[in-house]
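Just below is one structure, and these are the notes that go with it.
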Number of protein chains: 2
Amino acid sequence: MALEHAILVSLLEQPGSGYELARRFDRSIGRFWTATHQQIYRVLRRMETDGWISVEEVAQDGRPDKKVYSAAAPGRTALAAWLREPVEAETVRHELAVRIRAAAFDDPAALIPEVERHRDGHAALLAHYLYGEGRDFPAPDTLDARQRLQHVVLRGGIEYERMTLAWLDDVLATLRELAADTATPSSDSGTGTAAPTSTSTSTSTD
Amino acid sequence: MALEHAILVSLLEQPGSGYELARRFDRSIGRFWTATHQQIYRVLRRMETDGWISVEEVAQDGRPDKKVYSAAAPGRTALAAWLREPVEAETVRHELAVRIRAAAFDDPAALIPEVERHRDGHAALLAHYLYGEGRDFPAPDTLDARQRLQHVVLRGGIEYERMTLAWLDDVLATLRELAADTATPSSDSGTGTAAPTSTSTSTSTD
DNA sequence: GCTGCCATGTAATCAGTTACATGATTGC
DNA sequence: GCAATCATGTAACTGATTACATGGCAGC
C-alpha cells in the first residue's frame with residue numbers, strides 16, 4: 001500500500017511522467033521499493049482521480065507526447081498523515097537464506113556459484129553507492145534537510161551492502177568447508193548428496 | 001514462487017501439520033519468508049497433488065485431528081533442481097527508507113517516535129538471536145552440516161540486526177538535528193513544517 | 001462465562017507480474 | 001534493415017492479504 005507514497009515522494013523531489021518514474025524505480029527509489037511501468041501507470045491514474053497529483057500534457061518534438069505529473073496539496077496532506085501512521089512490519093523475502101538451509105538436504109557445493117554471483121553483485125552495488133556518495137555528498141556539512149535525509153538513506157544502503165558482502169563471504173567459507181568435508185571421507189561415496197537424516201532435530205532457532 | 005520450497009525445507013527439517021508450519025512461519029523460517037496459515041494450507045494441497053509431500057492423518061486425544069505432512073522423493077528432487085536455478089533478484093520493500101525521504105516534505109520530527117519503535121524492535125530481536133545462538137550453537141566446532149548451515153543463516157540475521165540498529169541510531173541523530181534546526185531559527189515560525197521547495201534538485205543518487 | 005490454543009478451511013479482494021500491443025525517432 | 005529509446009497502455013494471471021467460519025478443550 002506504499003507505492004502511492006513512494007511515487008508521491010518521487011514526484012515531490014521532481015515532477016515527471018510515468019515513463020520517467022518507471023526509470024527512477026529502476027534506479028534510486030527502486031533500491032527501496034520496486035515497481036514496473038504497468039503498475040505505475042495504473043496507480044498514477046488512481047492517484048489522479050483521487051486528486052493527489054495533477055497532470056500537464058506536454059507535446060514534444062520528434063517524441064511522443066507525455067503527461068507530466070506533480071504532487072498536489074491533497075497528496076501532501078495524505079503523505080503527512082501516512083508519516084504519522086505506525087509502520088507495518090516489513091514482510092521479509094530472503095530467498096538466499098531459504099536456499100542455504102535447503103543445501104543441507106542436497107549438495108552444499110551446488111550453491112557456491114550462485115552465492116558467488118550474489119557476492120559479486122553486492123560488491124558492485126557497494127562500489128556504485130560509494131561512488132554516488134562521493135559525487136552527490138562531497139561536503140556533508142553544507143547540506144539542506146532534503147539532502148541530509150537522502151544521505152542518511154544512502155548510508156543505510158552502503159552499510160547494508162557492506163554487511164551483506166561480509167556475510168556472503170562467511171557463507172562461502174562455510175559451504176566450501178562442507179564441500180571439502182563430504183569430498184574427502186571414505187564412507188558414503190558416489191553422488192556427493194549429503195543427507196544426514198537424523199530424526200532428533202529440534203534446534204528451534206526461534 | 002519459493003513458498004513451496006520454504007515449506008519443503010521446513011518439512012525436511014521436521015515433518016508437521018499445516019498449523020505447525022504456520023507457527024514456524026511466525027518464528028524461525030518466518031524471519032526469511034513470511035506466510036499466513038491460509039496461504040500455507042492452499043500450497044500444501046497443491047504440493048500434495050503434485051506428489052512433493054505425503055500426508056498422514058493423525059487422530060489426537062482431546063484435540064482436533066491433524067494432517068502430518070512430510071517431504072517425499074519428488075519434493076527432494078524439485079528442491080535439488082531449485083538449488084541449481086539462478087536466484088531471481090530480490091524485490092526490496094523498505095518502507096522506512098521511503099518514509100525518511102518523505103520526511104523532507106513534512107516535519108522530520110514526526111518520524112522520530114516511529115523510528116524509535118523500530119529501533120527498539122530490532123534491539124529486542126538482536127538480543128533474541130544472540131540468546132538463541134548461545135543456546136543452540138554452544139560448540140560451533142562439533143556441528144553437523146545442517147546445523148552449520150542453520151548457524152551461518154542465523155549469523156546473517158545477527159549481523160543484519162546489528163547493522164540496522166546502528167543505522168537507525170544514525171537516522172535518529174539526523175532527524176533530531178533537523179528537528180533542532182527547524183525549531184530554533186527565528187524565520188518561518190509556526191507549524192514547524194519545513195518544506196524547502198527548491199526547484200534545483202537533481203541529486204540523482206543513482 | 002471469557003480468553004486463548006489447537007486445527008482446518010472458504011471467499012473476496014488487492015497487489016504484483018507477465019505477456020502483448022502500438023508507433024515514431026535515433027544511431028549503427 | 002535492426003535494435004534501442006521514448007511513451008503509453010490493456011489483459012490475463014498468480015500471489016498475498018483480510019475477513020469470516022467452525023468447534024472442542026484448558027485454564028482463569
Side-chain angles (χ1 to χ4, degrees), chain A residues 1-7 10-11 15-27 29-30 32-50 53 55-69 82 87-95 98 206, chain B residues 1-7 10-11 15-27 29-30 32-50 53 55-69 87-95 98:
Chain A
M1 254 300 195
L3 179 55
E4 283 93 333
H5 303 106
I7 288 176
S10 193
L11 289 179
S17 68
Y19 186 85
E20 282 162 354
L21 280 168
R23 278 202 1 252
R24 288 184 217 170
F25 273 83
D26 283 339
R27 303 151 139 256
I29 309 275
F32 323 113
W33 207 270
T34 51
T36 58
H37 80 272
Q38 295 90 339
Q39 225 186 127
I40 290 166
Y41 283 122
R42 211 180 334 135
V43 173
L44 278 175
R45 247 170 296 150
R46 186 166 68 218
M47 290 170 78
E48 204 214 323
T49 55
D50 291 351
I53 53 176
V55 205
E56 199 199 346
E57 293 232 15
V58 175
Q60 293 180 119
D61 53 320
R63 292 179 182 181
D65 299 357
K66 63 176 176 181
K67 301 181 189 169
V68 174
Y69 294 93
W82 177 66
V87 180
E88 24 178 313
E90 322 243 356
T91 49
V92 187
R93 295 279 132 112
H94 204 319
E95 191 174 324
V98 179
D206 165 51
Chain B
M1 257 298 193
L3 179 54
E4 283 91 334
H5 303 107
I7 287 176
S10 193
L11 289 178
S17 68
Y19 185 86
E20 282 162 354
L21 280 169
R23 277 200 3 251
R24 288 184 217 169
F25 274 83
D26 283 339
R27 305 152 138 254
I29 308 276
F32 323 113
W33 206 269
T34 51
T36 58
H37 80 273
Q38 294 90 338
Q39 226 186 126
I40 290 166
Y41 283 120
R42 213 183 330 132
V43 173
L44 278 175
R45 247 171 296 152
R46 186 166 67 219
M47 289 170 79
E48 205 215 321
T49 55
D50 291 351
I53 52 177
V55 207
E56 198 198 345
E57 292 232 16
V58 175
Q60 294 181 116
D61 51 320
R63 292 178 180 182
D65 299 355
K66 63 177 176 179
K67 300 181 189 169
V68 174
Y69 294 92
V87 179
E88 22 175 317
E90 322 243 356
T91 49
V92 187
R93 295 279 132 112
H94 204 320
E95 192 175 322
V98 180

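Proteins get letters first, then strands, A, B, ... in listed order; numbering begins at 1 in each.
A:Thr91 comes within contact range of the sugar-phosphate backbone alone, with a heavy-atom separation under 4.0 Å but no base atom that close. When heavy atoms are screened at a 4.0 angstrom cut-off, A:Ser17 is found touching the sugar-phosphate backbone but no base atom.
With the end axes of the helix from C:dG1-D:dC28 to C:dC28-D:dG1 each set by five pairs, the angle from one to the other reads 30° at 10° resolution.
Contacts of B:Ser10 classified as side chain to side chain donor-acceptor pair (under 3.5 Å), with partners at least two apart in sequence or in another chain: B:Arg24. With sequence neighbours left out, the side chain to side chain contact (heavy atoms under 4.5 Å, CB included) criterion links A:Asp50 to A:Arg46, A:Trp52. Contacts of A:Thr91 classified as side chain to side chain donor-acceptor pair (under 3.5 Å), with partners at least two apart in sequence or in another chain: none. Residues meeting the side chain to side chain contact (heavy atoms under 4.5 Å, CB included) test with A:Val92, sequence neighbours left out: A:His94. Evaluation of the side chain to side chain donor-acceptor pair (under 3.5 Å) rule for B:Glu90 yields no partner, not counting sequence neighbours. Take B:Lys66 and apply the side chain to side chain donor-acceptor pair (under 3.5 Å) test, not counting sequence neighbours, and it matches B:Glu20.
Counting to the nearest Å, the P atom of C:dG9 and the CG atom of B:Asp65 are 11 Å from each other. Rounded to an integer number of Å, the gap from B:Arg93 CZ to D:dT17 C1' is 14 Å. Counting to the nearest Å, the C1' atom of D:dG9 and the CD atom of A:Glu20 are 17 Å from each other. When rounded to the nearest whole Å, the span between CD of B:Glu4 and C1' of D:dA16 equals 13 Å. With rounding to whole Å, A:Asp61 atom CG is found 14 Å from D:dC6 atom P. We find that CZ of B:Phe25 is positioned 16 Å from C1' of D:dT17, with the value rounded to whole Å. Computed from coordinates, the A:His5 NE2 to C:dA15 C1' distance equals 15 Å when rounded to whole Å. When the C1' atom of D:dA4 is taken as reference, atom CZ of A:Arg23 falls 13 Å away, rounded to whole Å.
Residues A:Tyr69 and A:Lys67 are in side-chain contact: their nearest non-hydrogen atoms beyond the backbone lie under 4.5 Å apart.
Taking only distance into account, the side chain of B:Arg45 never meets the base of C:dT10 through a donor-acceptor pair shorter than 3.5 Å.
Phosphate proximity of D:dC6 to A:Gln60: absent, as no side-chain N or O sits under 4.0 Å from OP1 or OP2. Side-chain N/O atoms of B:Arg42 include none lying less than 4.0 angstrom from OP1 or OP2 on C:dT10. Side-chain N/O atoms of B:Tyr19 include one lying less than 4.0 angstrom from OP1 or OP2 on C:dC6. Here A:Tyr41 does not reach the OP1 or OP2 of D:dG9: none of its side-chain N or O atoms lies under 4.0 Å away.
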Would you be so kind as to tabulate the donor-acceptor pairs closer than 3.5 Å made by side chains of residues 34-42 of chain A, with sequence neighbours excluded?
unit_1, atom_1, unit_2, atom_2, d
A:Thr34, OG1, B:Arg93, NH2, 2.6
A:Thr36, OG1, A:Gln38, OE1, 3.4
A:Tyr41, OH, A:Tyr19, N, 3.4

Q. Once each nucleotide of nucleotides 20-28 of chain D is scored for protein heavy atoms under 4.0 Å, what B/S/- sequence comes out, 5' to 3'?
A. B--B-S---
Q: Mind running side-chain contact (heavy atoms from CB on, under 4.5 Å) on B:Glu48 and B:Val55 for me, showing each step along the way?
A: CA-CA 8 Å; B:Glu48 205 215 321; B:Val55 207; 3.1 Å; yes
Q | Worked check of side-chain contact (heavy atoms from CB on, under 4.5 Å) between B:Val58 and B:Asp65 | A | CA-CA 6 Å; B:Val58 175; B:Asp65 299 355; over 6 Å; no
